[in-house]
Number of protein chains: 2
Amino acid sequence: MEKKTGELQTEQFMKRCRENRLKVTPQRLAIYQELVGSSEHPSADRVYRNIVRTNPTISFDTVNRTLLTFAEIGVIDTVESHSGVRRFDTDLAPHHHLHCVQCGSITDFSDPMLDTLPLPEAVNSNRFQALGRRVIISGICETCRQSARKE
Amino acid sequence: MEKKTGELQTEQFMKRCRENRLKVTPQRLAIYQELVGSSEHPSADRVYRNIVRTNPTISFDTVNRTLLTFAEIGVIDTVESHSGVRRFDTDLAPHHHLHCVQCGSITDFSDPMLDTLPLPEAVNSNRFQALGRRVIISGICETCRQSARKE
DNA sequence: GTTACTGCAAAGGCTTTGCAGTCTG
DNA sequence: CAGACTGCAAAGCCTTTGCAGTAAC
């Protein structure tokens, strides 16, 4: 019989907090659980809007600070952005991005080939300590292509 | 005898402006020439600070608007950023980025292998029209590694 | 002369900071 | 209890917008 993923993840999250000497608060738990369910690249504002629905007393500041804290301890990532608004990535597994230059959307995609790209000589010659890599393909997403056709 | 690159680039720039029905103004020329000389990923503020030294009457707004205009007509690019401040890329040739997660610096590197990566199946199945690709390697830059050692 | 650009000023949006009250461990 | 966290408010940045005057074509 399988264990509920919700419980499992909550336990892991609390362990992660303890490891980083962070207190487990209702707000942090709520934010974490919100993130687990999402596969977007939400802004702090977006996360806040989703959470206030079930936690009406939470403040935007707490959400924003918590997201920054989570990013610091590696529970989430921040995503490279062209828009000026910081966005977060809840998927820590290696993956890559399709970036629509028209609407700014970022869509994940996976490709084991790309995950294991040999690091080029240039990296080592720069004495850069590589931790991760991501391929970003820029172009026009399907939605934007379709609306372009209609014009 | 070689032609001075400065003249050449200025001519090309003016041609580019005409093609896009943009007027060639002293401010735009100054900004363009400032960009040509730089190999960084400057913010609007950074470009402005450099330019006011020789053009004391130029305004920040003009610099900022001009950079956005240049990005629109493809004279420069905007760079993916983690910092919230928009930064520009004056190198339009295919290249890739080393991103230091500690200090936020972005360093260019070239690798013909990476420029010609086969586009994965996932891209086509998403019906995404790919225009360009960039590999972003995140890690710790040499400077940050050295200062970490001293602590 | 028309059309577009500049510079100034103000507004707007997102992020960060300070602090008193509250809660976790 | 001590130290850390929350929520509120204000301040800080960066970016964008509106407009009158000015300059390019």
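Letters A, B, ... are given to chains in the order of the sequence lines, protein chains preceding strands, and every chain is numbered from 1.
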Reckon A/Thr25 has a side-chain N or O less than 4.0 Å from the OP1 or OP2 of D/dT6? yes
Taking the side chain of A/Val85 as heavy atoms from C-beta outward, which of D/dC5, C/dC14, D/dA24 is closest to it? C/dC14
For B/Asp111 and B/Met113, indicate whether the former's side chain and the latter's backbone hold a donor-acceptor pair under 3.5 Å. yes
Got a second to check how far B/Phe88's CZ is from B/Leu35's CG, nearest 0.5 Å? 9.0 Å
In whole angstroms, how far is the C1' atom of C/dT24 from the CZ atom of A/Phe13? 13 Å
DNA chain C contacts among residues 59-70 of chain A, heavy-atom distance under 4.0 Å: A/Phe60, A/Asp61, A/Asn64, A/Arg65, A/Leu68
Whole-Å distance separating the OH atom of B/Tyr48 from the P atom of D/dT15: 14 Å
When you check the phosphate oxygens OP1 and OP2 of C/dC14, does a side-chain N or O of B/Arg86 lie under 4.0 Å from one of them? no
The answer to which of B/Lys23 and B/Ser43 contacts DNA chain D further toward the 5' end, by nearest nucleotide, is B/Ser43
Please figure out whether B/Gln27 or A/Arg18 has its closest DNA chain C nucleotide nearer the 5' end. B/Gln27
Less than 4.0 angstrom from a charged side-chain N to a carboxylate O is my criterion; do B/Glu40 and B/Arg87 meet it? no
Is there a donor-acceptor contact under 3.5 Å from the side chain of B/Arg133 to the main chain of B/Leu117? yes
Supply the atom-to-atom distance B/Glu142 CD to B/Leu98 CG, rounded to the nearest 0.5 angstrom. 11.5 Å
Atom-to-atom span, CD of A/Glu72 to C1' of C/dT16 - whole angstrom: 13 Å
Where does the angle between the aromatic ring planes of B/Phe13 and B/Tyr32 fall among parallel (under 30°), tilted (30 to 60°) and perpendicular (over 60°)? parallel
Round to a whole Å and report the spacing from CG of B/Leu22 to C1' of C/dT3. 12 Å
Which whole-number value in Å describes the distance from B/Asp45 CG to D/dG12 C1'? 14 Å
Whole angstrom is fine here: how far is it from CZ in B/Phe88 over to C1' in D/dC14? 12 Å
Measure the distance from CG on A/Leu29 to C1' on D/dC5 and round it to the nearest whole Å. 13 Å
Hey, does A/Thr57 reach any base, or is it just sugar-phosphate, or nothing, if we go heavy atoms under 4.0 Å? sugar-phosphate
Starting at CZ of B/Arg28 and ending at P of D/dA23, how long is that distance when rounded to a whole Å? 15 Å
Is the closest basic N to carboxylate O distance between B/Asp61 and B/Arg65 below 4.0 Å? no
